[in-house]
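To start, the structure itself, in structure tokens.
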There are 2 protein chains.
Amino acid sequence: MNTPDLTPDAVVADTLALRRIEPAYQQIASQLRALILEGRLPAGSRLPTEDKLCATFGVSRTTVREALRMLSADNLVITTRGATGGTFVTTPDVLAVQQRLQTSLRLLNGSNEISHDELYEARVLLEIPAVRAATRRRTPEGVARLRALAADVEAARTTPDRTTRSEDFHQAIFDIAGNRVIALIAPPIWAALSLSWRERGSAHSWASIDHEHDQIMEHIERGDEDGAARAMLKHLQELRDIRRPEQS
Amino acid sequence: MNTPDLTPDAVVADTLALRRIEPAYQQIASQLRALILEGRLPAGSRLPTEDKLCATFGVSRTTVREALRMLSADNLVITTRGATGGTFVTTPDVLAVQQRLQTSLRLLNGSNEISHDELYEARVLLEIPAVRAATRRRTPEGVARLRALAADVEAARTTPDRTTRSEDFHQAIFDIAGNRVIALIAPPIWAALSLSWRERGSAHSWASIDHEHDQIMEHIERGDEDGAARAMLKHLQELRDIRRPEQS
DNA sequence: CTGTATTTGTCCGTATGTATA
DNA sequence: ATATACATACGGACAAATACA
């Protein structure tokens, strides 16, 4: 009656929509994960003890623990030891999300699924609109903060320190721009980018970078959106050229 | 001699830079993770069997397995059963990265660390530069693909189907824009956004959406970057207004 | 300060399921 | 069909950390 040209096995699998069986620990992890994502287990709430989870799921303690380890790797729960210990639903953490995204981008870059040039272009594509938004939404406090950070960059003497301070300066622009989604996504892209860049800072290039920072700040302060965008683009190109000198 | 106003405990902890002890399974996961990220365990390579890992780390099987579960939750390894089974380093997977980013954004949105408006603005901030890049880098094949997808949207009759097709249309623009970093990041943002949007498609709004798609396509085809950007902005605003009608 | 209870961390031994040769 | 190699799962036990009386 039912597609007689298929093998009996295939018919059964197809008509009943059978799925490959999943290990117990994965099923448990999936169920708990769903509860957390649906908000039925709110952040900070405590899961049952491992023994109770064993009872409810009808599995051994090893199985439950493996499921909990998966959730903790997802940054969905943390477990603490001791009398008042247990497994608790974590509050979402921006930093953890950024670190995870960074390693993912790094791996995708390593396997040539995304290229160096795309990372750089993505940075430009994020940072130009961001500096425009920052110009529109600037506040006296924000501008003052930028000035202080630019001074920190100039004061830094070693290359690693300079790099860190410079990233703070750029991050501050994202903060002033006021979009936390963009502010969250941009740093992992920079980080993945700079992992394959060789640092080549010289006293000469540092001076020109300081000058570019100043120009960006001035345009932001004056409310000159186009000028700020132009200055930022020039700055990013300069940063790229410093770190990847032409190799003839 | 050494900061005598601190408690002895604090002095010891400070001078020796002591760290909180980590469970064995976390240490093992960290070590293996580092090996994978450094590329010393290339994608596809096979880890030692659980028994051998027990021997090298000097721990029991339980501990090794919990560490492996953490790595598998990170999408760094997969394990298969059977004689030729074992634990293998995975090749980086774009889809897995996107899904993870989506759930992260969803959680951050739920805990008010990022707002609805920021998600929408982020979409605009990514999509306007993308449609500009797509216009510059358009190819006849790409434009033909856009036409086909726009026709698919018009042909779709149910609201969910329409939504899916429309996302395909937008995704195609990202593909033509040629930046896989942006193309990777945008969909999770949409998805997190649409989770809190109520679908409210009506026949009337569908017609205007189809018209906007056509206009975007025409500007891309003519190479009119500014026009394409304007049309896209108008379209995104329309999409927002449909789904979030003013609630007076 | 000293148990004591609670809970996770870790180990061992054993049995089962699964895929390959 | 049988053997082999591997992950999966169980149950029991003890150690270690933490809070609290």
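Here the structure is a predicted model, which means the values were calculated and not measured. By convention in this document, chain letters (A, B, ...) are assigned in the order of the sequence lines, proteins followed by strands, and residues within each chain are numbered from 1.
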query = First and last nucleotide of DNA chain C touching chain A, 5' to 3', heavy-atom cut-off 4.0 Å?
reply = dA5(C) to dA19(C)
message = At a heavy-atom distance below 4.0 Å, what parts of residues 63-78 of chain B sit against DNA chain D?
response = Arg65(B), Arg69(B)
message = Pair Val59(B), Glu66(B) - check side-chain contact (heavy atoms from CB on, under 4.5 Å), show working.
response = CA-CA 11 Å; Val59(B) 297; Glu66(B) 290 183 12; over 6 Å; no
ask   = Under the side-chain contact (heavy atoms from CB on, under 4.5 Å) criterion, do Leu71(B) and Leu32(B) qualify, and how do the steps go?
value = CA-CA 8 Å; Leu71(B) 295 180; Leu32(B) 293 176; 3.6 Å; yes
message = Can you tell me if Tyr25(A) touches the phosphate of dT8(D), counting only side-chain N or O atoms and a distance under 4.0 Å to OP1 or OP2?
response = yes
message = Test of understanding: with ring-ring contact (aromatic ring centres under 6.0 Å, His included), list the residues that count as partners of Phe57(A), not counting sequence neighbours.
response = none
inquiry  = Can you list, in residue-number order, the parts of residues 41-51 of chain B that come under 4.0 Å of DNA chain C, counting heavy atoms only?
reply    = none
inquiry  = Run the side chain to side chain donor-acceptor pair (under 3.5 Å) test against Glu167(B) and tell me which residues pass, sequence neighbours left out.
reply    = none
inquiry  = Gln102(B): which residues meet the side chain to side chain donor-acceptor pair (under 3.5 Å) condition with it, sequence neighbours left out?
reply    = none
Side chains of [X] and [Y] in contact at under 4.5 Å (non-hydrogen atoms):
X	Y	value
Thr103(A)	Gln99(A)	no
Asp168(B)	Asp152(B)	no
Ser166(B)	Thr163(B)	no

key: His170(A) and Trp190(A) aromatic ring geometry - parallel, tilted or perpendicular at 30°/60° bounds   = perpendicular
Result block: side-chain N/O donor-acceptor pairs under 3.5 angstrom for residues 85-98 of chain B, not counting sequence neighbours:
from: Thr90(B); atom 1: OG1; to: Asn75(B); atom 2: O; distance (Å): 2.8
from: Thr90(B); atom 1: OG1; to: Leu76(B); atom 2: O; distance (Å): 3.1
from: Asp93(B); atom 1: OD1; to: Leu95(B); atom 2: N; distance (Å): 3.0
from: Gln98(B); atom 1: NE2; to: Leu184(B); atom 2: O; distance (Å): 3.1

task = Using a heavy-atom cut-off of under 4.0 Å over every strand shown, decide if Thr62(A) touches base, sugar-phosphate, or nothing.
result = base
message = I need the full list of salt bridge (charged side-chain N to carboxylate O under 4.0 Å, His left out) pairs touching residues 24-49 of chain A, with sequence neighbours left out, sorted by first then second residue.
response = Arg33(A)-Asp74(A)
side-chain contact (heavy atoms from CB on, under 4.5 Å) partners of Ile114(A), counting only residues at least two apart = Leu105(A), Leu108(A), Asn109(A), Glu118(A), Leu119(A), Arg180(B), Val181(B)
inquiry  = As a quick check of understanding, evaluate side-chain contact (heavy atoms from CB on, under 4.5 Å) for Ser60(B) and Thr63(B), giving each step before the final call.
reply    = CA-CA 6 Å; Ser60(B) 77; Thr63(B) 305; 3.6 Å; yes
remark   = Going 5' to 3' through nucleotides 14-21 of chain D and flagging B where a protein heavy-atom sits under 4.0 Å of the base, S where only the sugar-phosphate is that close, and - otherwise, we get --BBBS--
note = So the ring-ring contact (aromatic ring centres under 6.0 Å, His included) pairs with at least one residue in residues 145-169 of chain A (sequence neighbours excluded) are Phe169(A)-His213(A)
message = Heavy-atom nearest nucleotide on DNA chain C for Thr87(A) versus Gly58(B): which residue maps closer to 5'?
response = Thr87(A)
note = In short, the helix from dT2(C)-dA21(D) to dA21(C)-dT2(D) is bent end to end, axes from five pairs each side, to 10°, by 0°
ask   = Passes side-chain contact (heavy atoms from CB on, under 4.5 Å), Asp175(B) versus Arg145(B)? Steps please.
value = CA-CA 11 Å; Asp175(B) 292 338; Arg145(B) 176 134 191 276; 4.1 Å; yes
